[in-house]
Asks: 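For reference, the structure I am asking about is given below.
If you're wondering where the values come from, they're calculated on a predicted model, not measured in any experiment. Because only heavy atoms are used, hydrogens play no part in the values below, and waters and symmetry mates are left out as well, while side chains stay in.
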Amino acid sequence: MSFFLPKLQTKKDIDHIIKTVAERVLVLRFGRDQDPVCLQLDEILSKTDHDLSKMAAIYLVDVDSVPIYTRYFDISYIPSTVFFFNGQHMKVDYGSPDHTKFVGCFKTKQDFIDLIEVIFRGAMRGKLIVHSPIDPRNIPKYDLLYHGI
């Protein structure tokens, strides 16, 4: 399903998209095209792309093609999904220690739609962090590992 969504290959492409997508939530899925969990997430993203087209722009980013962003967003687990609005990194409180990205796959299409709606409404009100509408049981659990502290 990932062939339905546009792919960003370089840092320049990502920078351009972050700067130019206006008044919509920019969704960047960091992962690999052949990873089974990434393919599962890509299916959800591609099914919702049309429904959310007025609220969101969805792009895929290969973690191996842009290592600078992989390090910057601390992408240790894939897939990881990062959100922007008008060039501003949007953070979401999932009830986990990391608010900068969603790690893993959404359980349902509706979970993703609800999250985009909350991010969009919050961003339109000037908020930089919003509370996740996703049921905590549907949020993948993982431990943060800090290297070199």
Asks: Evaluate the side-chain proximity of Glu117 to Met55: yes if any heavy-atom separation is below 4.5 Å, no if none is.
Replies: yes
Asks: Is it true that atom NZ of Lys127 has more than 12 heavy atoms of other residues, nucleotides or ligands lying nearer than 6.0 Å?
Replies: no
Asks: Working note: Asp62 + Gln9, criterion side-chain hydrogen bond (donor to acceptor under 3.5 Å, both in side chains); need CA distance, chi angles, decisive distance, verdict.
Replies: CA-CA 7 Å; Asp62 189 300; Gln9 303 290 334; over 6 Å; no
Asks: Where do Phe85 and Leu128 land on the side chain to side chain contact (heavy atoms under 4.5 Å, CB included) test, with the steps shown first?
Replies: CA-CA 9 Å; Phe85 188 83; Leu128 299 178; over 6 Å; no
Asks: Enter the distance from Ile116:CD1 to Thr48:OG1 here, rounded to the nearest 0.5 Å.
Replies: 7.5 Å
Asks: Check the pair Asp93, Ser132 against side chain to side chain contact (heavy atoms under 4.5 Å, CB included), reporting the backbone distance first and the verdict last.
Replies: CA-CA 6 Å; Asp93 181 1; Ser132 172; over 6 Å; no
Asks: Please name the residue in the list Ile129, Val27, Ile119 that meets the side-chain contact (heavy atoms from CB on, under 4.5 Å) test with Met90.
Replies: Ile119
Asks: Flag the pair Val37 / Leu41 as yes when at least one side-chain heavy-atom distance between them is below 4.5 Å, and no otherwise.
Replies: no
Asks: Please check if the side chain of His131 supplies one atom and the backbone of Tyr94 the other of a donor-acceptor pair under 3.5 Å.
Replies: no
Asks: Looking only at non-hydrogen atoms, find the nearest pair between Val82 and His89 and report the distance.
Replies: CG1-NE2, 3.4 Å
Asks: In terms of hydrophobic clustering (I, L, V, M, F, W, Y; side-chain heavy atoms under 4.5 Å; direct or indirect links), are Ile134 and Phe83 co-clustered?
Replies: yes
Asks: State which residue, out of Ile58, Leu60, Thr81, Ile14, fulfils the side-chain contact (heavy atoms from CB on, under 4.5 Å) condition with Leu28.
Replies: Ile14
Asks: Report the C-alpha separation of Thr10 and Asp13 in whole Å, then their side-chain angles, then the decisive distance to 0.1 Å, and conclude whether the side-chain hydrogen bond (donor to acceptor under 3.5 Å, both in side chains) test is met.
Replies: CA-CA 5 Å; Thr10 66; Asp13 292 342; 3.2 Å; yes
Asks: Taking the basic N atoms (NZ, or NE/NH1/NH2) and the acidic carboxylate oxygens, is any pair closer than 4.0 Å for Asp33 and Lys7?
Replies: yes
Asks: Examine Val92 and Tyr72 and state if one hydrophobic cluster contains both, with Ile, Leu, Val, Met, Phe, Trp and Tyr joined whenever side-chain heavy atoms are less than 4.5 Å apart.
Replies: no
Asks: Does one hydrophobic cluster hold both Ile44 and Leu5, with members joined at side-chain heavy-atom distances below 4.5 Å?
Replies: yes
Asks: So Phe102 and Phe106, would you call those rings parallel, tilted or perpendicular, with 30° and 60° as cut-offs?
Replies: parallel
Asks: Please check if Leu115 and Met124 belong to a single hydrophobic cluster, counting links between Ile, Leu, Val, Met, Phe, Trp and Tyr side chain heavy atoms closer than 4.5 Å.
Replies: yes
Asks: Could you go step by step and tell me if Lys19 and Asp15 meet the salt bridge (charged side-chain N to carboxylate O under 4.0 Å, His left out) rule?
Replies: CA-CA 6 Å; Lys19 291 176 187 172; Asp15 290 342; 5.7 Å; no
Asks: Kindly indicate whether the side chain of Ile78, heavy atoms from C-beta on, has any atom under 4.5 Å from the side chain of Cys38.
Replies: yes
Asks: On a heavy-atom basis, which atom in Ala57 and which in Val21 lie closest, and how many Å separate them?
Replies: CB-CG1, 4.2 Å
Asks: Parallel, tilted or perpendicular: which fits the ring planes of Phe30 and Phe73, with parallel below 30° and perpendicular above 60°?
Replies: tilted
Asks: Evaluate side chain to side chain contact (heavy atoms under 4.5 Å, CB included) for Tyr59 paired with Arg29, printing each intermediate quantity in order.
Replies: CA-CA 6 Å; Tyr59 291 88; Arg29 189 278 284 151; over 6 Å; no
Asks: If I take atom NZ from residue Lys47 and atom CG from residue Asp42, how far apart are they, to the nearest 0.5 angstrom?
Replies: 12.0 Å
Asks: Can you give me the closest heavy-atom contact between Ile75 and Tyr69, atom names plus distance?
Replies: CG1-O, 4.4 Å
Asks: Within the distance-only criterion (no hydrogens, no angle test), does the side chain of Ser80 pair as donor or acceptor with the backbone N or O of Val103 below 3.5 angstrom?
Replies: no
Asks: Are Leu52 and Val130 grouped together when hydrophobic residues (ILVMFWY) are joined by side-chain heavy atoms under 4.5 angstrom apart?
Replies: yes
Asks: Determine whether Lys91 and Lys101 make a side-chain contact, defined as any pair of heavy atoms from C-beta on separated by less than 4.5 Å.
Replies: no
Asks: Got a second to check how far Ser65's OG is from Arg32's CZ, nearest 0.5 Å?
Replies: 10.5 Å
